[in-house]
Asks: 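Just dropping this structure here.
All values below come from the heavy atoms of this structure, side chains included, with hydrogens, waters and symmetry mates left out. Numbers for residues simply follow the sequence, beginning at 1.
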Amino acid sequence: MKISPFTPLHFYEANESDGLPSRYIQLWAPTDHILIQVLAEMGDTAPTATLNDAHNGVSLGTIEFLEWQINTEKVIFFAVLTGMSVGHYTVTIGNMTSDEFRVTDDTLALANTTLIQYRFKDNKQREDVVSVIDHMVYFFDFRVPGGFKAGGWQFGVSNEQFTTQREDVVELFANDYTMKTFTMGGALGVPVWYAEMLNRLLTCSYVYFNGDRYTRSDTEVPQIQVLLDGLDSFVFTQLLRKAQVVDAKIEALNQAIIRRIDDEETTKIYRGADMVISQNENINRKID
């Protein structure tokens with residue numbers, strides 16, 4: 001049984017660093033959807049999971065997973081946390097507990113964050129994540145501090161030109177594009193696992209930053225900036241290319257899903273309120 005590495009909560013392991021831990025606490029809005037996926041073998045039962053008060057460790061309620069059979073050998077247990085009250089929480093799954101995270105409706109605090117939403121086009125890309133469950137498409141949410149600075153814009157063009165005998169240049173073919181540097185981490189920085197997650201989620205087929213689709217620029221990976229020696233908190237930059245040519249139908253469906261729009265088209269690909277597990281209402285059923 002394994003928690004998908006695309007789950008946007010950090011379940012820490014033994015810390016081998018002797019540096020000071022980051023003071024940054026993961027931030028979420030009440031409207032965000034925290035998708036948790038646990039992959040298991042056929043015959044396994046859903047792990048015990050709870051939502052806890054981060055201050056005293058007291059369980060606030062049970063997280064009950066939905067179950068879906070991936071193939072003859074594997075199943076997935078999954079749940080969505082959303083609509084939580086303002087507060088500080090942790091999640092315990094089995095014997096593992098996540099880092100503390102904060103849910104807030106403070107617009108000033110949320111204004112300094114970016115909501116990254118991501119999924120693969122199907123379930124064939126990797127074995128440690130599922131993007132389509134029972135014919136329904138699921139996006140992961142991952143909210144991070146930072147954004148795109150105006151000084152981080154770069155412009156490019158893919159073109160083909162012809163030079164005449166009189167040295168006139170004729171443009172035969174040209175496509176322009178824009179690249180932007182995404183900066184993650186503010187004055188407090190972020191733990192290094194944020195960069196690991198960013199690098200991982202950029203392998204997905206569809207990645208949206210505050211609703212706009214971006215892709216990794218070539219083989220660019222997150223670049224680290226050390227704030228202070230001995231402090232395990234950093235600022236990371238990632239060069240991204242904004243998508244311009246997209247499939248109109250897929251883009252419309254993706255936008256409906258990430259915005260959680262409930263209409264006749266999206267119900268075909270996204271299961272609505274009955275897939276949501278909130279603080280006050282849990283669901284436990286098997287999808288056939």
Side-chain angles (χ1 to χ4, degrees), residues 1-13 26 28 32-47 49 63-82 91-94 96-99 101 114-144 184 191-209 213-216 219 221-222 238 240 243 250 253-258 260 266 269-271 275-277 283 286-287:
M1 193 169 293
K2 176 185 179 182
I3 300 173
S4 170
F6 287 84
T7 296
L9 298 176
H10 184 238
F11 294 86
Y12 54 85
E13 299 176 354
Q26 188 174 20
W28 295 95
D32 293 338
H33 286 206
I34 306 174
L35 175 58
I36 301 171
Q37 292 189 352
V38 180
L39 297 141
E41 302 294 325
M42 279 294 295
D44 288 345
T45 57
I63 301 172
E64 298 183 11
F65 289 99
L66 298 176
E67 178 184 351
W68 184 68
Q69 183 176 334
I70 301 173
N71 51 39
T72 57
E73 298 178 350
K74 294 183 179 180
V75 297
I76 183 172
F77 300 106
F78 63 102
V80 180
L81 300 179
T82 189
V91 167
T92 297
I93 300 176
M96 301 185 67
T97 298
S98 72
D99 289 345
F101 61 91
T114 296
L115 179 61
I116 307 175
Q117 296 168 287
Y118 51 97
R119 75 170 177 93
F120 286 100
K121 62 181 180 180
D122 53 42
N123 296 337
K124 300 177 182 179
Q125 310 302 307
R126 292 179 61 138
E127 296 183 351
D128 55 2
V129 65
V130 178
S131 293
V132 183
I133 301 174
D134 193 30
H135 305 292
M136 305 296 175
V137 174
Y138 285 84
F139 272 88
F140 287 89
D141 288 7
F142 183 44
R143 186 174 290 278
V144 302
M184 182 171 62
V192 71
W193 74 266
Y194 273 74
E196 182 181 34
M197 178 64 79
L198 179 62
N199 188 50
R200 181 181 298 123
L201 68 84
L202 285 172
T203 65
C204 290
S205 310
Y206 306 108
V207 184
Y208 293 84
F209 288 71
R213 185 178 166 192
Y214 288 85
T215 58
R216 188 195 308 268
T219 58
V221 295
Q238 170 69 51
L240 300 170
I250 292 177
L253 293 176
N254 280 345
Q255 287 292 336
I257 296 169
I258 64 177
R260 277 86 200 199
T266 56
I269 57 170
Y270 183 75
R271 195 180 299 273
M275 294 298 288
V276 172
I277 296 178
I283 302 171
K286 183 173 181 179
I287 299 177

Asks: Do Tyr118 and Val207 make a side-chain contact, defined as non-hydrogen atoms from C-beta onward lying under 4.5 Å apart?
Replies: yes
Asks: So that I can tick it off, tell me whether Asp141 and Arg260 are bridged by a salt bridge, with the cut-off set at under 4.0 angstrom between side-chain N and carboxylate O.
Replies: yes
Asks: Which is it for Tyr138 and His33 under the side-chain contact (heavy atoms from CB on, under 4.5 Å) test, yes or no, and what are the steps along the way?
Replies: CA-CA 10 Å; Tyr138 285 84; His33 286 206; over 6 Å; no
Asks: Does Tyr12 reach the side chain of Trp193, with side-chain heavy atoms less than 4.5 Å apart?
Replies: no
Asks: Taking the side chain as everything from C-beta on, heavy atoms only, tell me whether Ile36 gets closer than 4.5 Å to Ile93.
Replies: yes
Asks: I want to check something: taking the side chain as every heavy atom from C-beta on, are Val91 and Phe11 in contact at a cut-off of under 4.5 Å?
Replies: yes
Asks: When you measure from the side chain of Asn123 to the backbone N and O of Val130, does any donor-acceptor pair fall under 3.5 Å?
Replies: no
Asks: Taking C-beta and beyond as the side chain, do Asn71 and Met42 meet within less than 4.5 Å on heavy atoms?
Replies: no
Asks: Mind checking whether Ile258 and Tyr206 have side chains closer than 4.5 Å, heavy atoms only?
Replies: no
Asks: Counting distance only, does the side-chain N/O of Ser4 pair as donor-acceptor with the main-chain N or O of Phe6 below 3.5 Å?
Replies: yes
Asks: For residues Arg216 and Asn199, determine if any side-chain heavy atom of one lies less than 4.5 Å from a side-chain heavy atom of the other.
Replies: yes
Asks: Using only atom types and a distance under 3.5 Å, with no angle test, would you say the side chain of Thr82 pairs donor to acceptor with the backbone of Asp32?
Replies: yes
Asks: Side-chain contact test, heavy atoms from C-beta onward, threshold under 4.5 Å: evaluate it for Phe140 versus Arg119 and give yes or no.
Replies: no
Asks: Given 3.5 Å as the limit, does a donor-acceptor pair link the side chain of Gln26 with the main chain of Pro8, or not?
Replies: yes
Asks: CD1 of Ile63 to CG of Leu81: how many Å apart, nearest 0.5 Å?
Replies: 4.5 Å
